[in-house]
Amino acid sequence: MVTGAARGIGAAIARRLAHDGMAVALLDLNEAGCVAGAEAIAADRGRAIGVPVDVSDADEVAQAVARVTAELGPPTVLVNNAGILRDNLLFKMSDDDWDAVMNVHLRGAFLMSRAVQEHMVEQRYGRIVSLSSSSALGNRGQANYSTAKAGLQGFTKTLAIELGRFGITANAIAPGFIETDMTAATAERVGMSFEDFKAAGAKSIPVGRVGQPEDVAHVASFLASEQAGFVSGQVIYVAGGPLS
Ligand code: NAP
C-alpha cells in the first residue's frame with residue numbers, strides 16, 4: 001500500500017514495488033490519478049488497484065485497508081508517502097497551515113500504520129516505510145512541515161521498537177530536493193522558473209544534480225524487501241550527499 005501514489009515519489013514507488021513483483025494498492029485523494037496509475041501498472045503486466053482515500057480520515061483509512069485486504073490480500077508493505085506543503089514564515093503561518101500539514105503527514109501516517117499493523121502482526125511480517133525529509137533538520141518557511149517530518153522520524157523509531165518482535169520493520173526515507181510537482185510549486189511560490197530553481201538547488205548538492213522520484217523508489221524497494229529484515233528504525237537521507 002503506497003499513499004499519495006497518484007503522482008511524484010509515491011507513483012514511482014508504486015511502479016517500482018510492482019516491478020519487484022508485489023501487488024500494489026495506490027492510495028490517494030486524487031481518485032482519477034491513482035486509478036490511472038494502477039491501470040498503467042496493470043498494462044505493464046503488474047497487479048495494482050487505485051483506492052481513493054484521505055489518509056487523515058480514520059473511517060476512510062479503515063475502509064481503504066479493508067478494501068485492499070479483500071482485493072489483494074492482507075498488506076505486507078505500507079509506504080506512508082502522502083504529503084502536502086503549506087509553507088510560510090512563522091509570523092504568517094495560519095492555524096490551518098499548521099493543522100493541515102500535521103493531519104496529512106503525522107495523523108495520516110499514524111492512522112495508516114495503526115490500521116495495517118493488525119494484519120502485519122497476524123502475519124508476523126511487515127515493512128513500514130515513511131517519507132521524512134531533509135527539512136526535518138530545519139528549513140526556513142517550513143515550521144509546520146519540518147516539525148511533521150522530524151515527528152515521522154520519532155514515529156518510525158518507536159514503531160521499530162514496538163513491532164520488531166512481530167517481524168515488522170519500520171524505516172524512514174528523508175529525501176532532499178526531488179523533482180516533482182511539489183518542488184515545482186515551491187519554485188512558483190518563490191517566483192523562480194522551475195529550471196532556474198533546480199539549477200540553483202543542484203549547486204549545493206554534492207552529486208551535482210537534483211533527485212528524481214526513482215532515486216527514492218530505489219531505496220523504498222530495498223527497505224520494503226524481505227532481505228532488509230535486519231534494518232529497522234533507521235532514517236536514510238536520499239539527498240545526493242551528507243546532511244546529518
Ligand atoms: P506530490 O507530487 O505533491 O504528491 C503528493 C501526493 O499526495 C499527491 O498525489 C496528493 O494528492 C497526495 N495527498 C495529499 N494529501 C493527501 C491525503 N490527505 N490523503 C491521500 N493522499 C494525499 O509530492 P511528492 O514530491 O511526490 O512528495 C511525496 C512525499 O515525499 C511527501 O510526503 C513529501 O513531503 C516527501 N518529500 C518530497 C520531497 C521533494 O523534494 N519532492 C523532498 C522530501 C520529502 P493531490 O494531488 O490530490 O493533492
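The analysis underlying the following values was restricted to heavy atoms, covering all of them including side chains, and did not include hydrogens, waters or symmetry mates. All ligand and atom numbering here is 1-based and tracks the order in the structure. Numbering of residues begins at 1 and proceeds along the displayed sequence.
- Between Asp54 and Arg107 no salt bridge is recorded (no basic side-chain N to carboxylate O distance below 4.0 Å).
- Residue-level contacts of ligand 1 at the 4.0 Å heavy-atom threshold are Gly4, Ala6, Arg7, Gly8, Ile9, Asp28, Leu29, Asn30, Val53, Asp54, Val55, Asn81, Ala82, Gly83, Ile84, Val104, His105, Leu131, Ser132, Ser133, Tyr145, Lys149, Pro175, Gly176, Phe177, Ile178, Thr180, Asp181, Met182, Thr183.
- Between Arg16 and Glu214 there is no salt bridge, since no side-chain nitrogen of the basic residue lies less than 4.0 Å from a carboxylate oxygen of the acidic one.
- A search for side chain to side chain donor-acceptor pair (under 3.5 Å) contacts involving Lys157 returns nothing, not counting sequence neighbours.
- In this structure, a donor-acceptor pair under 3.5 Å is absent between the side chains of Gln234 and Asn171.
- In this structure, the ring of Phe197 has its center less than 6.0 angstrom from the ring center of Phe177.
- Of the residues listed (Thr3, Asn80, Val216), the one engaging Leu131 in a side-chain contact (heavy atoms from CB on, under 4.5 Å) is Val216, and it is the only one.
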